[in-house]
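Worksheet: the structure to be examined is printed underneath.
What's counted below: heavy atoms across the whole structure, side chains too, no hydrogens, waters or symmetry copies.
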Amino acid sequence: MPFSWTTQHSKPTDKFGGAISSVKESLLTVQRPKRLWITLCAVIVCIAIALGIGLGIGLTQGGGSDSISPPAPVIPTNYTNTTTGDFWRPTAGTTWQIVLLSPPTDISLNVSVYDIDLFTTSTSMIAALHAQNRKVICYFSAGSYEANRTDSSQFKSSDKGKELSGWPGEFWLDTTSTNVRSIMSGRLDLAASKGCDGVDPDNVDGYDNNSGFNLTPSTAVDYLSFLTAKAHNLKLAIGLKNAGSIVNATLDMMQWEVNEQCEQYSECDVFRPFIAANKPVFHIEYPSSAPSISAKVKSKICNDASIKGFSTVMKEMDLDDWMEAC
């Protein structure tokens with residue numbers, strides 16, 4: 001029964017309705033403070049239990065305060081040419097290979113697209129791929145500092161934040177920085193001059209990591225809008241790299257998604273809007289046994305219903321030439 005803080009207490013009576021003797025009444029008077037104290041303790045315990053249960057239910061159902069859905073990213077309107085222009089538009093299911101460790105040594109694979117490093121791949125290699133009727137996506141990190149890039153000296157110390165977990169010597173960038181954006185604009189110019197058909201800007205999800213900056217999904221969308229407008233002006237296509245929480249906010253301006261390990265982390269459904277829009281999801285899984293892949297492992301990866309329509313390849317983590325496609 002619920003406790004009431006307003007319960008009235010009448011003078012005690014015996015079972016026949018008469019008054020209890022004065023001795024008993026005296027004893028009762030002595031016991032009342034003890035009973036009241038016990039009742040108050042019981043009330044406090046019950047309230048504490050109720051609060052504990054309520055909090056437990058709230059955490060179970062909502063995942064705690066961290067599970068509260070953030071507001072939708074703000075889509076900027078001050079950029080032109082983010083969705084229109086004369087650039088390559090691949091369709092869902094386009095086959096591909098990705099090689100970033102070094103320039104590819106084998107360009108004979110029966111695929112339509114090669115995703116290769118912007119800095120280490122020569123113009124002649126890109127021309128050779130074009131001669132085989134292949135499209136070329138040029139990779140660069142748009143959201144992190146790497147010391148070995150030819151333009152690394154242009155970054156200011158204030159542009160660099162915390163180190164990327166698991167990547168010594170690589171630091172998150174402040175993608176709201178005018179200087180960072182100027183450097184990335186130069187990288188897009190380099191991609192166009194080399195003859196790349198599109199670009200794969202990595203590490204645009206600093207908002208989802210301990211970057212050292214106040215980055216948010218909205219700042220990421222603004223940054224990608226900046227990159228997209230510039231890329232499209234140069235007749236370059238551009239894609240989204242991972243960054244699942246901004247898929248819907250960037251879908252119209254992006255020509256594809258490059259995703260890593262969505263099967264492993266059970267999040268492939270997040271990227272299905274690209275397939276619905278007939279845009280490729282260039283998808284990578286990294287089996288622990290690679291480059292030795294059993295038929296069972298391959299079947300498990302390739303027959304997963306969540307990647308239906310994706311352009312899925314299995315790779316080693318260093319992204320060398322080895323590849324096995326679904």
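- Tyr207 is listed as a side-chain neighbour of Ser245, based on a closest heavy-atom distance under 4.5 Å.
- Under a 3.5 Å cut-off, the side chain of Asn303 and the backbone N or O of Ser299 do form a donor-acceptor pair.
- Salt bridge annotation for Asp205-Lys241: absent, with no cationic side-chain nitrogen under 4.0 angstrom from a carboxylate oxygen.
- A donor-acceptor pair shorter than 3.5 Å can be found between the side chains of Ser122 and Ser124.
- Ring geometry for Phe226 versus Tyr79: interplanar angle over 60°, hence perpendicular rather than tilted (30 to 60°).
- Of the N and O atoms on the side chains of Asn179 and Ser177, not one donor lies less than 3.5 Å from an acceptor on the other residue.
- With Arg272 contributing its side chain and Lys308 its backbone, the two residues share a donor-acceptor pair below 3.5 Å.
- More than 12 heavy atoms of other residues, nucleotides or ligands shown are found within 6.0 angstrom of CG on Asn148.
- Here the CD1 atom belonging to Ile183 is positioned 6.0 Å from the CG atom belonging to Asp151, to the nearest 0.5 angstrom.
- The pair Asp222-Arg181 meets the salt-bridge criterion, with a side-chain N (NZ, NE, NH1 or NH2) lying under 4.0 Å from an Asp/Glu carboxylate O.
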Inset, instruction - Please report the C-alpha distance between Ser141 and Asp202 in whole Å, then the side-chain angles of each, then the deciding distance to 0.1 Å, and finally whether the side chain to side chain donor-acceptor pair (under 3.5 Å) criterion is met. - result: CA-CA 4 Å; Ser141 181; Asp202 198 4; 5.5 Å; no

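- Between the side chain of Asp200 and the backbone N or O of Ile137, no donor-acceptor pair lies under 3.5 Å.
- Proximity of a side-chain donor or acceptor of Arg187 to a complementary backbone N or O of Ser182 within less than 3.5 Å is not detected.
- Between the side chain of Ser225 and the backbone N or O of Val221, at least one donor-acceptor pair lies under 3.5 Å.
- Using a 4.5 Å heavy-atom threshold, the side chains of Ile301 and Lys296 count as separate.
- Among Trp88, Phe274, Phe271, Trp96, the single residue meeting the ring-ring contact (aromatic ring centres under 6.0 Å, His included) criterion with Trp256 is Trp88.
- Heavy-atom minimum distance, Asp174 versus Phe213: N-CE1, 3.3 Å.
- Distance alone, capped at 3.5 Å, is enough to place a donor-acceptor pair between the Lys279 side chain and the Leu251 backbone.
- Here the CD1 atom belonging to Ile126 is positioned 14.5 Å from the CZ atom belonging to Arg134, to the nearest 0.5 angstrom.
- His232 and Asp86 share no donor-acceptor pair across their side chains, judged by distance under 3.5 Å alone.
- Side-chain atoms of Asn233 and Lys230, non-hydrogen and from C-beta on, never get closer than 4.5 Å to each other.
- Counting non-hydrogen atoms of neighbouring residues, nucleotides and ligands closer than 6.0 angstrom, the CG atom of Asn214 reaches no more than 12 such neighbours.
- Of the possible donor and acceptor atoms, one in the side chain of Ser152 sits under 3.5 Å from a partner among the backbone N and O of Glu146.
- Between Val111 and Met323 the shortest heavy-atom distance is CG1-CE, 4.2 Å.
- Side-chain atoms of Tyr114 and Leu109, non-hydrogen and from C-beta on, do get closer than 4.5 Å to each other.
- Distance alone, capped at 3.5 Å, is enough to place a donor-acceptor pair between the Asn259 side chain and the Cys262 backbone.
- No side-chain heavy atom of Leu164 sits under 4.5 Å from any side-chain heavy atom of Asn209.
- A salt bridge between Asp117 and Arg149 is present, with a side-chain N of the basic residue lying under 4.0 Å from a carboxylate O of the acidic one.
- Asp320 has its side chain out of reach of Leu100: every pair of non-hydrogen atoms, C-beta onward, lies at least 4.5 Å apart.
- Atom SG of Cys138 sits about 8.0 Å away from atom CG of Leu236, to the nearest 0.5 Å.
- Side-chain contact annotation: Tyr286 with Glu260, donor-acceptor N/O pair under 3.5 Å present.
- A donor-acceptor pair under 3.5 Å links the side-chain atoms of Thr94 to the main chain of Thr91, judged by distance alone.
- Between Lys162 and Ser211 the shortest side-chain heavy-atom distance does not fall below 4.5 Å.
- Looking only at distances, no side-chain donor or acceptor of Lys315 sits under 3.5 Å from a matching main-chain atom of Ile284.
- In this structure, Ser185 OG and Leu227 CG are separated by 8.5 Å, a value rounded to the nearest 0.5 Å.
- Thr175 and Ala142 get closest at one heavy-atom pair: CG2-O, 4.0 Å.
- Side chains of Gln264 and Glu285 form a contact here, defined as non-hydrogen atoms less than 4.5 Å apart.
- For the pair Lys160 and Tyr145, the distance from NZ or CZ to the six-membered ring centre is under 6.0 Å and the angle to the ring normal is within 45 degrees.
- With rounding to the nearest 0.5 Å, the separation of CG in Asp304 from NE2 in His283 is 8.5 Å.
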